[in-house]
Amino acid sequence: MGQVGRRGFLRGVGAAAVAAPLVGAGTAEAGIDVDVELDLGLPRLPGLPRWLVGDHHVHTQYSNDAMYTIDQVVAGAQRHGAEWLVFSDHGHVAHEAHSVEPAHADIVAARRRHPHLLLWQGLEWNMPAAEHATVFLPPSRDEAALLREFERTFDSRLTGTGASTPANEAKALEALRWLARRGGLVVVNHPSRNGRIAPAELRNWHDAAPGVVIGMEGAPGAQGDGYPKPDGSGGHRGGYGNSPGGDSWPGFPAEAYRTFGGFDWMTATLGGMWDALLAEGRNWWVTSNSDSHFNFRDTIVRQPEAPDLYDRAGKHLDPLPGGPVQTQPPYCDFYPGEFSRTVVGTTDRSYRGVMDGLRAGRSFVSHGGLVQRLETHVFAEDRLSWPVGLGGRLRVRRGTDVTVVVLAQLAARPHSGGELPRLARLDLVRGAVTGPAADRQGFRAAEVAVARSYEPRFRAGRTVGFRHTFRNVRESFYVRVRGTDGRRHVPGGIEPIADIRGEANPWQDLWCYANPVFVDVR
């Protein structure tokens, strides 16, 4: 539906839907049912975003622990509406020695066959002194050579720099500066899964390369791992079943190693790590992904092969379709776009457009098709500035009234779990921007609260939303939006609840999160 940012439209939207009571500061205005006023079939306004579904964390037969061909991943992604993909096979001695160029040839061939898709060759980087991150560069004639150089020079599995030491931490910063010179992007993967990424490291990485390290996975892949037996593996949703190890940062609480509504503890905790970074005014964004290795209920199966084949060739045999339905480990992932989606706003369908959109935070994430679109628009009532959207910064004078308009397009069809998802509530979260953290290992933000909750009337495919005004703003702040199907919360509250091992059907606990908008008060 484009970036709806015209002040006249935002002020003139009807007030048909009934909003939930206000929680916190500001003025609640009536909810809006905008399907009549907003014709989704209208041409997009020039220069305003189009929204593209994608996935930055996908594995193929060129990973030591995955199996799909690139064509099989692309076919699955197309079935589920994904429009951009980053193939992020694992850094590995055999991968660097044998896989980079053959995988590149397969990706180039797929680009020719599917010119409407945007396909990157990336890497799941074993970060020195840390764990994993997606790395990708702008496509170019040298992309395979650059990727191989990066892997050889900076992957901890190849360089023996995995231990949490000052020297290895410095190696990670050197790698980020290398990527900054070449226009690369980094997203920190499953940040809390093993507790290996300390809060100070996130800050150090962002300080060293703020245009490269753009954020973290708000939710990991492997969302089907907690599906109950006998139809699923009965494990931990997202693969978050670990406990502290020798290289884990000791300051994390036990709950940091679990997911909440499928989302990482750093993202799902109100006033947690994500909010602590936003409170510093950092452009720190969240994404979601499939982490596709073996996909839930698939009928593609790996061929028998020699145990050392990958080590010798850097590639597994092509898997075969037509097998029985697979539900047990390791089949716990989903195809790109099937369950987890990162939706990026871009002015054009291009590699640069998607990378720029990700870098700018012009994106939201959704599980299970809970929403098709989720937008936040913020504008000053003094009419001295144009509205800004996701990832943006609105600069206003002290004492100005600031209005937030949230729009969500509801699901129009059932997801692959067989149900039509229903958005039960949207929360507008407000947090104070207080400046650089006094404690670089801090992972809490004190001044964060739900300023408004809104319960839409559900009509499939309809666009709903609400308006909220913060009066007489005196200090800088940010707003972000999350949504839920309302099925699981902490008792008596609205916060997501920890996923239970073996009892976490992902389709029964759906959430969506939008990246923030900052309001800088002068």
Side-chain angles (χ1 to χ4, degrees), residues 1-13 26-27 29 32 34 38 44-52 210-211 214-215 274-275 277-286 343-348 353-365 373-409 426-433 451-452 463 465-482 512-522:
M1 70 184 151
Q3 180 92 4
V4 182
R6 295 171 178 258
R7 187 177 291 110
F9 171 76
L10 294 175
R11 294 176 185 277
V13 174
T27 300
E29 300 182 33
I32 53 180
V34 298
L38 184 60
R44 300 178 187 276
L45 297 174
L48 298 182
R50 62 192 305 169
W51 297 91
L52 302 180
I214 60 170
W274 187 26
D275 285 314
L277 295 170
L278 298 180
E280 296 182 60
R282 293 180 183 271
N283 292 342
W284 189 263
W285 321 126
V286 296
V343 186
V344 179
T346 175
T347 54
D348 65 332
V354 170
M355 293 185 80
D356 287 348
L358 287 168
R359 188 177 280 111
R362 200 163 50 244
S363 58
F364 68 90
V365 301
R373 197 71 44 78
L374 182 59
E375 301 185 41
T376 308
H377 306 275
V378 183
F379 61 92
E381 294 283 356
D382 60 12
R383 305 190 182 193
L384 295 180
S385 57
W386 192 251
V388 299
L390 298 177
R393 288 181 180 269
L394 180 72
R395 290 173 173 83
V396 302
R397 297 180 302 182
R398 185 172 284 104
T400 304
D401 293 345
V402 173
T403 293
V404 180
V405 172
V406 177
L407 298 174
Q409 186 180 352
L426 290 171
D427 295 329
L428 178 66
V429 176
R430 178 197 180 279
V433 175
R452 173 81 185 281
T463 299
F466 64 91
R467 186 197 324 255
H468 183 85
T469 299
F470 295 94
R471 302 291 184 192
N472 188 26
V473 299
R474 313 300 296 177
E475 305 294 341
S476 297
F477 66 99
Y478 64 88
V479 291
R480 60 179 180 87
V481 175
R482 68 182 182 188
C512 58
Y513 286 75
N515 278 310
V517 182
F518 290 92
V519 178
D520 296 332
V521 179
R522 299 191 297 269

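It should be emphasised that the depicted structure is a prediction, and the values quoted were computed from it without experimental measurement.
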Dump the intermediate steps for side-chain contact (heavy atoms from CB on, under 4.5 Å) on Asp356 and Thr346, then the final yes or no. CA-CA 8 Å; Asp356 287 348; Thr346 175; over 6 Å; no
Could you work out, with side-chain hydrogen bond (donor to acceptor under 3.5 Å, both in side chains) as the rule, every residue matching [X], not counting sequence neighbours?
X	value
Asp427	Arg425, Ser453, Arg482
Glu475	none
Arg480	Asp275

Can you find a heavy atom in the side chain of Val378 that is under 4.5 Å from one in the side chain of Val479? yes
Side-chain heavy atoms of Arg393 within contact of Val388, under 4.5 Å: no
With no hydrogens and no angle check, do the side chains of Asn283 and Arg359 hold a donor and an acceptor under 3.5 Å apart?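 No, because no side-chain N or O of Asn283 sits under 3.5 Å from a partner of the opposite role on Arg359.
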Determine whether a donor-acceptor pair (N or O, by modelled atom type, separation under 3.5 Å) exists between the side chain of Trp274 and the backbone of Trp284. yes
Taking Arg474 for its side chain and Thr400 for its backbone only, find out whether a donor-acceptor pair lies under 3.5 Å. no
Which pair of heavy atoms, one from [X] and one from [Y], lies closest together, and at what distance?
X	Y	result
Arg373	Phe364	CA-CZ, 3.5 Å
Val396	Ala380	CG1-CB, 3.7 Å
Leu394	Trp386	CD1-O, 3.8 Å

Given the rule in the side-chain contact (heavy atoms from CB on, under 4.5 Å) test, do Phe379 and Val402 qualify, once you have shown the distances and angles that lead to the verdict? CA-CA 6 Å; Phe379 61 92; Val402 173; over 6 Å; no
Would His468 and Phe466 count as a close aromatic pair, with their ring centres under 6.0 Å?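 For His468 and Phe466, the ring centres are not under 6.0 Å apart.
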Result block: side-chain N/O donor-acceptor pairs under 3.5 angstrom for residues 513-522, not counting sequence neighbours:
| residue | atom | partner | partner atom | Å |
| --- | --- | --- | --- | --- |
| Asn515 | OD1 | Val286 | N | 2.9 |
| Asn515 | ND2 | Val286 | O | 3.4 |
| Asn515 | ND2 | Ser363 | O | 3.2 |
| Asn515 | ND2 | Ser363 | OG | 2.8 |

Could you tell me the separation between the [atom1] atom of [X] and the [atom2] atom of [Y], rounded to the nearest 0.5 Å?
X	Y	atom1	atom2	result
Thr463	Leu407	OG1	CG	7.0 Å
Glu381	Asn472	CD	CG	13.0 Å
Ser476	Arg398	OG	CZ	8.0 Å
Tyr478	Leu278	OH	CG	5.0 Å
His377	Thr403	NE2	OG1	13.5 Å
Glu375	Arg362	CD	CZ	11.5 Å

Of Leu426, Leu390, Val429, which meets side-chain contact (heavy atoms from CB on, under 4.5 Å) against Val481?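 Per the side-chain contact (heavy atoms from CB on, under 4.5 Å) rule, the option paired with Val481 is Leu426, out of Leu426, Leu390, Val429.
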All salt bridge (Lys or Arg N to Asp or Glu O under 4.0 Å) counterparts of Asp401, not counting sequence neighbours: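 Asp401 satisfies salt bridge (Lys or Arg N to Asp or Glu O under 4.0 Å) with Arg471 only.
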Partners of Arg282 by salt bridge (Lys or Arg N to Asp or Glu O under 4.0 Å), sequence neighbours excluded?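 Checked Arg282 against salt bridge (Lys or Arg N to Asp or Glu O under 4.0 Å); matches are Asp207, Glu280.
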